[in-house]
Amino acid sequence: FFFFFFFFCFHTHSFTMAKKKSKQGEGMNAKLSLAIKSGKYVLGYKSTKKALRSGDAKLVILASNTPTLRKSELEYYALLSKTLVEHYKNDNIALGTAVGRYHRVGVLAITDPGDSDIIKSLAPQ
């Protein structure tokens, strides 16, 4: 009986923790999707760099498999322009799907979030 109780408690606890993590990821995807539908954005390395240099970018999202040199360069530009940087937890294929495209997206910059509160939710308190 004790073994069954311990086994049951352990499994339900780990199952609920896994659910919470997936909901947090879905929240990010939902906010990103709303920002894409209602706001303005640019896709790609060159366009993101231009948006950072001109000061139009409000948020930069980098896929997890973005090359290190490219990632550090964009982080440096974002630091100079005081722009938020979000490291997306999945690769460029999943980021492209989250944006609603059928191709890979390694880097994107949100210039106008529209109805989404993605920038407020990611801003440090």
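Sorted by first and then second residue, the side chain to side chain donor-acceptor pair (under 3.5 Å) pairs involving residues 50-60 (not counting sequence neighbours) are Ser54-Asp56.
The closest donor-acceptor contact from the side chain of Ser81 to the backbone of Gly55 lies at 3.5 Å or more, if one exists at all. With Asn92 contributing its side chain and Leu95 its backbone, the two residues share no donor-acceptor pair below 3.5 Å. The backbone N or O of Asn90 lies less than 3.5 Å from a partner atom in the side chain of Ser64, making a donor-acceptor pair. Here the side chain of Ser47 pairs no donor or acceptor atom with the backbone of Val42 at under 3.5 angstrom. Side chain of Ser72 to backbone of Thr68: a donor-acceptor contact under 3.5 angstrom is found. With Thr111 contributing its side chain and Lys40 its backbone, the two residues share a donor-acceptor pair below 3.5 Å.
Contact detail for Ala35 and Ile110: the closest heavy-atom pair is CB-CD1, 4.0 Å. Minimum heavy-atom separation, Ile119 to Pro113: CD1-CG, 3.8 Å. In terms of heavy atoms, Leu74 sits closest to Leu52 at O-CD1, 3.8 Å. Between Ala98 and Tyr88, the shortest heavy-atom contact is CB-OH, 3.6 Å.
Considering CE of Met28 and OG of Ser121, their distance stands at 7.5 Å, rounded to 0.5 Å. Between Glu86 atom CD and Leu32 atom CG the span is 9.5 Å, to the nearest 0.5 Å. Atom CZ in Arg70 sits 10.5 Å away from atom CG in Leu62 (nearest 0.5 Å). For the atom pair CG of Asn29 and OG1 of Thr97, the computed distance is 9.5 Å after rounding to the nearest 0.5 Å. Going from atom CD1 of Ile61 over to atom CG of Leu84 covers 10.0 Å, rounded to the nearest 0.5 Å. Here Glu73 contributes atom CD and Thr66 contributes atom OG1; the two are 12.5 Å apart, rounded to the nearest 0.5 Å.
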inquiry  = I'd like to know whether Lys31 forms a side-chain contact (heavy atoms from CB on, under 4.5 Å) with Lys120, so could you lay out the CA-CA distance, the side-chain angles of the two residues, the decisive distance to 0.1 Å, and finally the verdict.
reply    = CA-CA 11 Å; Lys31 289 176 184 177; Lys120 290 176 189 168; over 6 Å; no
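No single ILVMFWY cluster, assembled from side-chain heavy atoms under 4.5 Å apart, contains both Leu108 and Tyr45. Linking Ile, Leu, Val, Met, Phe, Trp and Tyr residues whenever their side-chain heavy atoms come within less than 4.5 Å places Leu59 and Val105 in a single cluster. Hydrophobic clustering, with ILVMFWY side chains joined whenever heavy atoms are under 4.5 angstrom apart, keeps Tyr41 apart from Val107. Under the 4.5 Å side-chain heavy-atom criterion for grouping Ile, Leu, Val, Met, Phe, Trp and Tyr, Ile36 is connected to Leu122 within one hydrophobic cluster.
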